[in-house]
Amino acid sequence: MAIKNKVVIITGASSGIGKATAQLLAESGAKVVLAARNQEKLEKAVNEIKEKNGEAAYKVTDVSKREEVKSLVDFTISKYGKIDVIFNNAGLMPNSPLSEFRTDEWDEMIDVNLKGVVNGIEAVLPHFIEQKSGHVISTSSVAGLNTYLGAGIYCATKHGVKALMEVLRKESANEKRNIRTTTLYLGAFKTELAERITNKAIKERIEFLYDTIGADPIIVAEAVKFAIDLPEEVSINEMTLYPTAQL
């Protein structure tokens, strides 16, 4: 299969969608490098993969910091000799009404959700250009297609990811770089996103949504695997995944 022996960087890989994707890709023969800020969780995730004879490594990384993302890419190339795919998956969702002026939370969402994707693209693009191949996958959200009360900054970051990834696709085609792009627009999947919400009413609403209809992150992992598995001359540019029960 196409995914075998591919080298894949996954950010936000210590839990949820990132961890599920790392496990599935490793089981399918990929070499995965997990990145997140929590070293203990990263170590556990990598050990679980290795226990099943998968190939994995990790590097503690804050995606909002350009130099740390570049170090992640350098680490991956040093260990595996190349990079085939980067999955920009790290994200935060401490939603609140704009009128609450939670500016520290706004800044962090912008830094991780949008700037983190920019940093990922910047770090891998020179290598993808040089090898004339590569695949950038980024997690947006259905909040990147719509807008929701209490989610102004989150929606802005996810709309930003949509625009950034579409421009990358067009520029790659125009410059004949052979770089594939896939943007994921995700509905309610069971992740840790709700844990960072400080507005009580919004937190309770999101937790109820996840508890009642939230889908398993493995479904997103399967979608990522499918996108990578396609022939190099074909790219699934966008994928929107909702739990069937979500309005």
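These numbers were taken from a predicted model, which means no experiment stands behind them.
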Are the side chain of [X] and the backbone N or O of [Y] linked by a donor-acceptor pair below 3.5 Å?
X      : Y      : value
Ser28  : Leu24  : yes
Asn113 : Leu92  : yes
Asp84  : Val8   : no
Ser172 : Leu168 : no
His135 : Ile86  : no
Ser14  : Asn38  : no

Sub-4.5 Å side-chain heavy-atom contact between [X] and [Y]:
X      : Y      : result
Arg177 : Phe128 : no
Glu48  : Lys19  : yes
Tyr242 : Tyr185 : no
Thr11  : Thr61  : no
Ile10  : Leu25  : yes
Thr191 : Met93  : no
Thr183 : Thr181 : no

Is the shortest side-chain N to carboxylate O distance from [X] to [Y] below 4.0 Å?
X      : Y      : answer
Glu192 : Lys41  : yes
Arg169 : Glu166 : yes
Lys59  : Glu68  : no

Taking every non-hydrogen atom, the tightest pair across [X] and [Y]:
X      : Y      : result
Asn178 : Glu232 : OD1-O, 4.0 Å
Val142 : Gly187 : CG1-N, 3.8 Å
Leu42  : Ala13  : CD2-C, 4.3 Å
Gly91  : Leu193 : O-CD2, 3.6 Å
Asp111 : Lys115 : O-CB, 3.1 Å
Ser96  : Asn199 : CB-CB, 4.2 Å

Would Phe87 and Ile17 satisfy side chain to side chain contact (heavy atoms under 4.5 Å, CB included), going step by step from the backbone distance to the final call? CA-CA 11 Å; Phe87 181 18; Ile17 290 166; 4.2 Å; yes
Is there a continuous path of hydrophobic side-chain contacts, each under 4.5 Å between heavy atoms, that joins Phe189 to Leu184?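 Yes, it is one cluster - the side chains of Phe189 and Leu184 are joined through contacts under 4.5 Å.
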Going by side-chain contact (heavy atoms from CB on, under 4.5 Å), Asn119 matches just one of Val73, Val69, Val112, Leu114. Which one?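 For Asn119, the side-chain contact (heavy atoms from CB on, under 4.5 Å) test succeeds with only one of Val73, Val69, Val112, Leu114, which is Val69.
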Candidate list Thr21, Ile236, Ile137, test side-chain contact (heavy atoms from CB on, under 4.5 Å), partner Ile228, passing option: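 Of the listed residues Thr21, Ile236, Ile137, the side-chain contact (heavy atoms from CB on, under 4.5 Å) partner of Ile228 is Ile137.
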A quick test of your reading: do over 12 heavy atoms of other residues, nucleotides or ligands sit less than 6.0 Å from [atom1] of [X]?
X      : atom1 : value
Lys44  : NZ    : no
Phe226 : CZ    : no
Arg102 : CZ    : yes
Glu130 : CD    : no
Lys82  : NZ    : yes
Glu175 : CD    : yes

Nearest 0.5 Å, what's the OH-NZ distance between Tyr148 and Lys158?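 Separation between the atoms: 13.0 Å.
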Could you measure the distance from the CG atom of Asn95 to the CD1 atom of Ile202? Nearest 0.5 Å is fine.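 It comes to 6.0 Å.
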